[in-house]
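Scroll down for the structure; my scribbles are underneath it.
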Amino acid sequence: MRGQLGLDSEFNQFTRTVDQPAGHSVHVLNLFGYTGLASLAAAASGAMVTHVDASKKSVGWARENQALSNLAGKPVRWIVDDAIKFGRAEARRGTKYDGIVLDPPKFGRGPKGEVWEIYKSLPELLQACKGC
């Protein structure tokens, strides 16, 4: 897996949760998806995944990791966008997800220079995703 440095302990719980049958196609939104570990684990478990990261380079690595993991046929939408803007747009479109994965950095910049500071931006992101 290219670019992934480690796993958090809660990731084990996430993979067990996604792997549970839901009686329908499970849709997962992964915001701040980085190099795709959570997205690919969800896809391998049968979920339809929307992977969003502000870094074009990270999304490229995630796509490469999909191929390296023999998951090229799994349904993953790869999106380079600002997480808050994307969450708002999905809510406006009425798009619903069964699960949303958030692993935001403490500080970062969006693809158009948007500033992300977790203490200031997280409440706005949660509000944006509330309709998803």
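FYI, the numbering just counts along the sequence from 1.
No side-chain donor-acceptor contact under 3.5 Å links Asp53 to the backbone of Ser58. In terms of modelled atom types and a separation under 3.5 Å, the side chain of Asn65 and the main chain of Gly36 share no donor-acceptor contact. Here the side chain of Gln66 pairs no donor or acceptor atom with the backbone of Glu64 at under 3.5 angstrom.
What you find for Ser39 and Asn30 is that their closest heavy atoms are OG-ND2, 2.8 Å. Nearest heavy-atom pair, Lys74 versus Ala43, reported as atom, atom and distance to 0.1 Å: CD-O, 3.5 Å. The two residues Pro105 and Phe32 come nearest to each other via the heavy atoms CD-CD2, 3.5 Å. Residues Cys132 and Ala91 share a closest heavy-atom pair of SG-N, 3.8 Å.
By the criterion of side-chain heavy atoms lying less than 4.5 angstrom apart, applied directly or through intervening Ile, Leu, Val, Met, Phe, Trp or Tyr residues, Val76 is grouped together with Leu71 in one hydrophobic cluster. Residues Leu125 and Ile100 fall within the same hydrophobic cluster, defined by Ile, Leu, Val, Met, Phe, Trp and Tyr side chains chained together at heavy-atom separations under 4.5 Å. In this structure, Leu40 is not a member of the same hydrophobic cluster as Leu102, with clusters built from ILVMFWY side-chain heavy atoms closer than 4.5 Å. Note on Ile79: it clusters hydrophobically with Ile84, by side-chain heavy-atom contacts below 4.5 Å among ILVMFWY residues. One hydrophobic cluster, built from ILVMFWY side chains closer than 4.5 Å, holds both Leu31 and Tyr119.
Between His51 and Val59 there is a side-chain heavy-atom pair separated by less than 4.5 Å. The shortest side-chain heavy-atom distance between Val28 and Val101 falls under the 4.5 Å cut-off. Contact check for Thr50 versus Tyr97: side-chain heavy atoms found under the 4.5 Å cut-off.
Atom CG of residue Asp81 and atom CZ of residue Phe86 lie 7.0 Å apart, to the nearest 0.5 angstrom. Atom NZ in Lys106 sits 9.5 Å away from atom CD1 in Ile118 (nearest 0.5 Å). Atom NZ of Lys120 sits about 9.5 Å away from atom CZ of Phe107, to the nearest 0.5 Å. Note that the CH2 atom of Trp61 and the CG atom of Leu68 stand 13.0 Å from one another [nearest 0.5 Å]. Of the inter-residue distances, the one linking Trp78 atom CH2 with Lys56 atom NZ reads 15.5 Å to the nearest 0.5 angstrom. From Thr35, atom OG1 reaches atom NZ of Lys57 across 12.0 Å, with rounding to the nearest 0.5 Å.
Using a 4.0 Å cut-off between charged side-chain N and carboxylate O, Arg88 and Glu124 make a salt bridge. One finds no salt bridge joining Glu90 and Lys96 here, because no Lys/Arg side-chain nitrogen approaches an Asp/Glu carboxylate oxygen to under 4.0 Å.
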> Between Arg109 and Val115, does a side-chain contact (heavy atoms from CB on, under 4.5 Å) hold up when you go through it step by step?
Replying inline: CA-CA 5 Å; Arg109 294 203 180 268; Val115 174; 2.9 Å; yes

